[in-house]
Amino acid sequence: MNKQLEQLAEKAKVNHKANKKFFAKLKKRPPKQLDSLMQELHADEFTRTDCLECANCCKTTGPLFTDKDIDRLAKLFKMKQQQFIETYLRIDEDNDYVLQSVPCPFLGADNYCSVYDHRPKACREFPHTDRKKFQQISNLTLKNVAICPAAYNIVEEMKKRLPNYSS
(Lines give C-alpha, C1' and ligand atoms only; values in the text may rest on other atoms or scores of the structure.)
Protein backbone atom coordinates (compact mmCIF):
# COMPACT_ATOMS: atom_id res chain seq x y z
CA MET A 1 0.00 0.00 0.00
CA ASN A 2 2.88 2.41 0.73
CA LYS A 3 4.11 2.19 -2.86
CA GLN A 4 0.57 2.87 -4.12
CA LEU A 5 0.31 5.93 -1.84
CA GLU A 6 3.66 7.25 -3.06
CA GLN A 7 2.46 6.80 -6.64
CA LEU A 8 -0.82 8.52 -5.72
CA ALA A 9 0.99 11.57 -4.39
CA GLU A 10 3.12 11.71 -7.55
CA LYS A 11 0.11 11.30 -9.89
CA ALA A 12 -1.78 13.99 -7.96
CA LYS A 13 1.22 16.30 -8.31
CA VAL A 14 1.43 15.67 -12.07
CA ASN A 15 -2.32 16.29 -12.49
CA HIS A 16 -2.55 19.23 -10.08
CA LYS A 17 -2.42 22.01 -12.67
CA ALA A 18 -5.02 20.33 -14.93
CA ASN A 19 -7.23 19.54 -11.94
CA LYS A 20 -7.02 23.12 -10.72
CA LYS A 21 -8.10 24.35 -14.15
CA PHE A 22 -10.89 21.74 -14.27
CA PHE A 23 -12.24 22.84 -10.87
CA ALA A 24 -12.03 26.52 -11.79
CA LYS A 25 -14.30 25.86 -14.78
CA LEU A 26 -16.58 23.69 -12.67
CA LYS A 27 -16.91 26.37 -10.02
CA LYS A 28 -17.66 29.06 -12.57
CA ARG A 29 -20.33 27.08 -14.41
CA PRO A 30 -21.38 23.90 -12.57
CA PRO A 31 -23.48 21.48 -14.60
CA LYS A 32 -27.07 21.02 -13.42
CA GLN A 33 -26.55 17.31 -12.75
CA LEU A 34 -23.32 17.73 -10.71
CA ASP A 35 -24.77 16.69 -7.34
CA SER A 36 -26.34 13.51 -8.75
CA LEU A 37 -23.17 12.73 -10.72
CA MET A 38 -21.07 13.08 -7.57
CA GLN A 39 -23.43 10.84 -5.59
CA GLU A 40 -23.15 8.20 -8.34
CA LEU A 41 -19.35 8.43 -8.69
CA HIS A 42 -18.89 8.32 -4.91
CA ALA A 43 -21.18 5.29 -4.51
CA ASP A 44 -19.51 3.45 -7.41
CA GLU A 45 -16.00 4.10 -6.12
CA PHE A 46 -16.78 2.92 -2.61
CA THR A 47 -18.02 -0.42 -3.92
CA ARG A 48 -14.38 -0.96 -4.98
CA THR A 49 -12.48 0.88 -2.25
CA ASP A 50 -11.96 -0.47 1.26
CA CYS A 51 -10.75 2.32 3.54
CA LEU A 52 -9.40 -0.21 6.03
CA GLU A 53 -6.74 -1.21 3.50
CA CYS A 54 -5.42 2.36 3.42
CA ALA A 55 -6.43 4.73 6.25
CA ASN A 56 -4.00 7.28 4.79
CA CYS A 57 -6.34 10.11 5.76
CA CYS A 58 -6.07 9.08 9.43
CA LYS A 59 -2.32 8.63 9.18
CA THR A 60 -1.44 11.91 7.45
CA THR A 61 -4.13 14.51 8.16
CA GLY A 62 -6.42 15.44 10.98
CA PRO A 63 -10.04 16.49 10.91
CA LEU A 64 -11.54 19.69 12.23
CA PHE A 65 -13.40 19.11 15.48
CA THR A 66 -16.70 20.92 15.97
CA ASP A 67 -18.09 21.69 19.41
CA LYS A 68 -20.52 18.78 18.94
CA ASP A 69 -17.62 16.45 18.08
CA ILE A 70 -15.72 17.52 21.18
CA ASP A 71 -18.79 17.09 23.38
CA ARG A 72 -19.58 13.63 21.96
CA LEU A 73 -15.99 12.36 22.30
CA ALA A 74 -15.47 13.86 25.75
CA LYS A 75 -18.60 11.99 26.93
CA LEU A 76 -17.32 8.79 25.34
CA PHE A 77 -14.05 9.09 27.29
CA LYS A 78 -15.87 10.31 30.43
CA MET A 79 -13.85 13.51 30.36
CA LYS A 80 -14.74 17.14 30.68
CA GLN A 81 -14.61 18.94 27.33
CA GLN A 82 -11.61 21.02 28.39
CA GLN A 83 -9.74 17.90 29.45
CA PHE A 84 -10.44 16.27 26.05
CA ILE A 85 -9.22 19.42 24.29
CA GLU A 86 -6.03 19.58 26.36
CA THR A 87 -5.33 15.87 25.84
CA TYR A 88 -5.95 15.58 22.09
CA LEU A 89 -6.45 18.92 20.36
CA ARG A 90 -4.82 22.22 19.51
CA ILE A 91 -6.06 25.37 17.78
CA ASP A 92 -4.73 25.81 14.24
CA GLU A 93 -3.98 28.95 12.22
CA ASP A 94 -7.67 29.21 11.20
CA ASN A 95 -8.72 29.10 14.86
CA ASP A 96 -10.19 25.60 14.49
CA TYR A 97 -9.70 22.65 16.80
CA VAL A 98 -7.54 19.96 15.20
CA LEU A 99 -5.52 17.00 16.45
CA GLN A 100 -2.29 17.80 18.24
CA SER A 101 -0.49 15.32 15.99
CA VAL A 102 -0.94 12.69 13.32
CA PRO A 103 -1.45 9.82 12.89
CA CYS A 104 -4.80 10.07 14.65
CA PRO A 105 -4.53 8.77 18.21
CA PHE A 106 -7.77 6.85 17.72
CA LEU A 107 -6.41 4.82 14.77
CA GLY A 108 -5.41 1.26 15.58
CA ALA A 109 -2.58 -0.73 14.00
CA ASP A 110 -5.28 -2.65 12.10
CA ASN A 111 -6.56 0.65 10.58
CA TYR A 112 -9.74 0.45 12.63
CA CYS A 113 -10.94 3.60 14.38
CA SER A 114 -11.47 3.14 18.11
CA VAL A 115 -14.10 5.93 18.14
CA TYR A 116 -15.72 5.07 14.79
CA ASP A 117 -19.34 5.38 15.95
CA HIS A 118 -18.50 8.72 17.62
CA ARG A 119 -15.97 10.06 15.11
CA PRO A 120 -15.89 13.74 14.08
CA LYS A 121 -18.21 14.98 11.34
CA ALA A 122 -15.21 15.67 9.09
CA CYS A 123 -14.20 12.00 9.34
CA ARG A 124 -17.74 10.82 8.64
CA GLU A 125 -17.87 12.89 5.45
CA PHE A 126 -14.32 12.28 4.16
CA PRO A 127 -13.36 12.49 1.29
CA HIS A 128 -16.37 14.79 0.80
CA THR A 129 -16.91 13.63 -2.78
CA ASP A 130 -20.64 13.07 -2.35
CA ARG A 131 -21.27 16.50 -0.91
CA LYS A 132 -23.97 18.77 -2.33
CA LYS A 133 -22.60 21.80 -4.20
CA PHE A 134 -19.38 19.86 -4.67
CA GLN A 135 -17.89 22.66 -6.78
CA GLN A 136 -17.59 24.79 -3.62
CA ILE A 137 -14.94 22.56 -2.08
CA SER A 138 -12.52 22.37 -4.99
CA ASN A 139 -9.50 23.47 -2.90
CA LEU A 140 -10.20 20.73 -0.37
CA THR A 141 -10.65 18.17 -3.14
CA LEU A 142 -7.33 19.18 -4.73
CA LYS A 143 -5.66 18.29 -1.41
CA ASN A 144 -7.66 15.11 -0.91
CA VAL A 145 -6.71 13.56 -4.28
CA ALA A 146 -3.11 13.40 -3.03
CA ILE A 147 -4.19 11.65 0.19
CA CYS A 148 -7.11 9.42 -0.76
CA PRO A 149 -7.03 6.91 -3.63
CA ALA A 150 -10.85 6.98 -3.81
CA ALA A 151 -10.93 10.79 -4.15
CA TYR A 152 -8.29 10.57 -6.87
CA ASN A 153 -10.29 7.96 -8.79
CA ILE A 154 -13.52 9.94 -8.44
CA VAL A 155 -11.92 13.11 -9.82
CA GLU A 156 -10.38 11.21 -12.73
CA GLU A 157 -13.78 9.71 -13.56
CA MET A 158 -15.39 13.17 -13.24
CA LYS A 159 -12.99 14.51 -15.85
CA LYS A 160 -14.00 11.70 -18.23
CA ARG A 161 -17.71 12.30 -17.62
CA LEU A 162 -17.43 16.09 -17.95
CA PRO A 163 -15.07 16.46 -20.92
CA ASN A 164 -16.16 20.07 -21.62
CA TYR A 165 -14.57 21.09 -18.33
CA SER A 166 -11.28 19.29 -18.98
CA SER A 167 -10.28 21.01 -22.19
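These numbers come from the heavy atoms of this one structure, side chains and all, not from hydrogens, waters or symmetry mates.
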Going by heavy atoms in the side chains, are [X] and [Y] under 4.5 Å from each other?
{"X": "C58", "Y": "P103", "value": "no"}
{"X": "K59", "Y": "N111", "value": "yes"}
{"X": "V102", "Y": "T60", "value": "no"}
{"X": "Y165", "Y": "M158", "value": "no"}

Looking at [X], I want to see if its [atom1] is surrounded by more than 12 non-hydrogen atoms of other residues, nucleotides or ligands under 6.0 Å.
{"X": "R29", "atom1": "CZ", "answer": "no"}
{"X": "D67", "atom1": "CG", "answer": "no"}
{"X": "F77", "atom1": "CZ", "answer": "yes"}

Requested in this report: Write out all pairs satisfying side chain to side chain donor-acceptor pair (under 3.5 Å) with one or both partners inside residues 78-91, taking only residues at least two apart or from two chains.
Outcome: D71-Q81, Q82-E86

Requested in this report: Mind jotting down which residue pairs meet the side chain to side chain donor-acceptor pair (under 3.5 Å) criterion with at least one end in residues 136-146? Sequence neighbours excluded, please.
Outcome: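 Listed by first then second residue: nothing to list.
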
Report summary line: With sequence neighbours left out, the residues meeting ring-ring contact (aromatic ring centres under 6.0 Å, His included) with H16 are none

Interatomic spacing from [atom1] in [X] to [atom2] in [Y] - rounded to 0.5 Å:
{"X": "I137", "Y": "T129", "atom1": "CD1", "atom2": "OG1", "result": "8.0 Å"}
{"X": "L107", "Y": "C57", "atom1": "CG", "atom2": "SG", "result": "8.5 Å"}
{"X": "F106", "Y": "C113", "atom1": "CZ", "atom2": "SG", "result": "8.0 Å"}
{"X": "T61", "Y": "L99", "atom1": "OG1", "atom2": "CG", "result": "9.0 Å"}
{"X": "L37", "Y": "L162", "atom1": "CG", "atom2": "CG", "result": "5.5 Å"}
{"X": "M38", "Y": "D130", "atom1": "CE", "atom2": "CG", "result": "8.0 Å"}

Under the side-chain hydrogen bond (donor to acceptor under 3.5 Å, both in side chains) rule, collect the residues that match up with [X], sequence neighbours excluded.
{"X": "T49", "answer": "E45"}
{"X": "E157", "answer": "R161"}
{"X": "R124", "answer": "none"}
{"X": "R72", "answer": "D69"}

Query raised in the report: Is there a donor-acceptor pair closer than 3.5 Å between any side-chain N or O of D94 and the backbone N or O of D96?
Result: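 It does not hold such a pair.
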
**Report entry** Check: D35 side chain, K133 main-chain N or O, donor-acceptor pair, under 3.5 Å
**Finding:**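 The answer is yes, because a donor-acceptor pair under 3.5 Å joins these two groups.
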
Is there a chain of hydrophobic side chains (I, L, V, M, F, W, Y, each step under 4.5 Å between heavy atoms) that links [X] to [Y]?
{"X": "L140", "Y": "L34", "answer": "yes"}
{"X": "I70", "Y": "I91", "answer": "yes"}
{"X": "M79", "Y": "L76", "answer": "yes"}
{"X": "I147", "Y": "F46", "answer": "no"}

Report task. Before accepting this row, confirm whether a basic side-chain N of the pair E156/K160 lies closer than 4.0 Å to the acidic partner's carboxylate O. Result ->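 A salt bridge is absent here (no side-chain N lies under 4.0 Å from a carboxylate O).
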
Requested in this report: Please determine if K3 and E6 form a salt bridge, counting it only when a charged side-chain N lies under 4.0 Å from a carboxylate O.
Outcome: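 Looking at E6 together with K3, the answer is no, because their closest N to O distance does not fall below 4.0 Å.
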
Query raised in the report: So which pairs with a foot in residues 138-162 pass ring pair (Phe, Tyr, Trp, His ring centres under 6.0 Å), sequence neighbours left out?
Result: none

Query raised in the report: For residues 48-74, which residue pairs qualify under ring pair (Phe, Tyr, Trp, His ring centres under 6.0 Å), counting only residues two or more places apart or in two chains?
Result: none

Query raised in the report: Between K159 and N19, do the side chains contain an N or O donor and an N or O acceptor separated by less than 3.5 Å?
Result: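 Per modelled atom types, K159 and N19 side chains form a pair under 3.5 Å.
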
Query - With C123 via side chain to side chain contact (heavy atoms under 4.5 Å, CB included) - residues at least two apart - result: P63, R119, P120

Report task. Could you tell me which residues satisfy side chain to side chain contact (heavy atoms under 4.5 Å, CB included) with C148, sequence neighbours excluded, listed by chain and number? Result -> F126, P127, A150, A151

Query raised in the report: Apart from L64 itself, what residues make up its hydrophobic cluster, given side-chain heavy atom links below 4.5 Å?
Result: V98

Query raised in the report: Are the aromatic rings of F84 and Y97 close, with centres under 6.0 Å apart?
Result: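 Here the rings of Y97 and F84 have centres that are no less than 6.0 Å from each other.
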
